[in-house]
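Values below: every heavy atom of this structure, side chains too, minus hydrogens, waters and symmetry copies.
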Amino acid sequence: MELNCQTAEIELERAAKLNPGKWVEHSRFVALACKNIAAQCNDLSSDRAYCFGLLHDIGRYAGVTSEKHLIDGYRFCMERGWEKAAQICISHAFMIQDIKTSIGTFDISDDDYLFMEHFIKNAVYDDYDRLVQLCDALALPTGFCLLEKRFVDVAIRYGTPPIIVERWKKILEIKELFNQKINGSIYDLLPGVIENSFR
């Protein structure tokens with residue numbers, strides 16, 4: 001099955017019916033941020049970026065879970081032959097390539113944990129992985145926001161383990177990478193980011 005914008009939107013709609021929640025609108029804003037930023041990068045496809053953004057949390061179709069949604073999304077995409085989207089279902093949560101940097105709960109089997117540990121360590125990240133990692137941190141279910149607002153939103157829900165500051169630093173590094181790629185500020189490409197950040 002070919003992955004394109006229409007297919008990705010259909011799959012997100014189906015997933016939303018199986019497990020409705022704020023994650024669906026969050027995914028839409030992540031996708032739009034990916035599309036807008038990729039459109040300003042000479043080496044990225046805005047359509048591909050949009051698809052990866054829409055599908056990054058698709059594993060949530062299976063229900064309310066923590067890190068299990070990562071491997072559920074991976075398998076969902078691999079079954080359809082979407083290898084890069086499958087990688088991003090896992091990689092979006094690991095801007096640092098070490099499973100021990102997770103801030104979630106590993107509600108998975110020991111075998112799945114070992115698979116994910118190996119996968120994360122050995123995955124070759126490109127700018128699509130990094131773009132989704134960045135945009136995941138720019139999108140609330142209500143719209144775009146400053147990174148720092150999203151950092152606090154996640155910290156309130158997951159707590160502040162020692163690794164969280166290193167994760168924030170990595171996201172800020174990725175932001176600077178994309179600022180350089182577009183020769184400007186990514187925030188200029190996110191409609192309503194100021195209003196949504198301060199409401």
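The aromatic rings of Trp168 and Phe151 sit parallel, their planes meeting at an angle under 30°, below the 60° perpendicular limit.
For Glu195 and Lys149, the salt-bridge test fails: no basic side-chain N is under 4.0 Å from an acidic carboxylate O. Using a 4.0 Å cut-off between a side-chain N of Lys or Arg and a carboxylate O of Asp or Glu, Asp47 and Lys35 do not qualify as a salt bridge. A salt bridge links Asp43 with Lys181: at least one charged nitrogen is closer than 4.0 Å to a carboxylate oxygen.
No hydrogens or angles considered: nothing links the side chains of Thr101 and Asp98 as a donor-acceptor pair under 3.5 Å. Between the side chains of Tyr128 and Gln133, no donor-acceptor pair is found at a separation under 3.5 Å. Residues Glu67 and Ser102 have side chains that bring a donor and an acceptor to within less than 3.5 angstrom of each other. Donor-acceptor pairing under 3.5 Å is recorded for the side chains of Asp129 and Ser91.
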Salt bridge (Lys or Arg N to Asp or Glu O under 4.0 Å) evaluation trace for Asp126 with Lys84: CA-CA 10 Å; Asp126 62 19; Lys84 185 61 188 181; 3.1 Å; yes
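Annotation for Glu83: atom CD does not count as buried by contact number, only 12 or fewer foreign heavy atoms lying within 6.0 Å.
At distances below 3.5 Å, not a single donor-acceptor pair connects side-chain atoms of Lys170 with backbone N or O atoms of Ile96. In this structure, the side chain of Asp72 does not engage the main chain of Arg60 through any donor-acceptor pair within 3.5 Å.
In this structure, Arg130 forms no cation-pi arrangement with Tyr125, as its terminal cationic atom is not both closer than 6.0 Å to the ring centre and no more than 45° off the ring axis. Geometrically, Arg80 engages Phe76 in a cation-pi contact, judged by NZ or CZ lying under 6.0 Å from the ring centre and within 45° of the ring axis.
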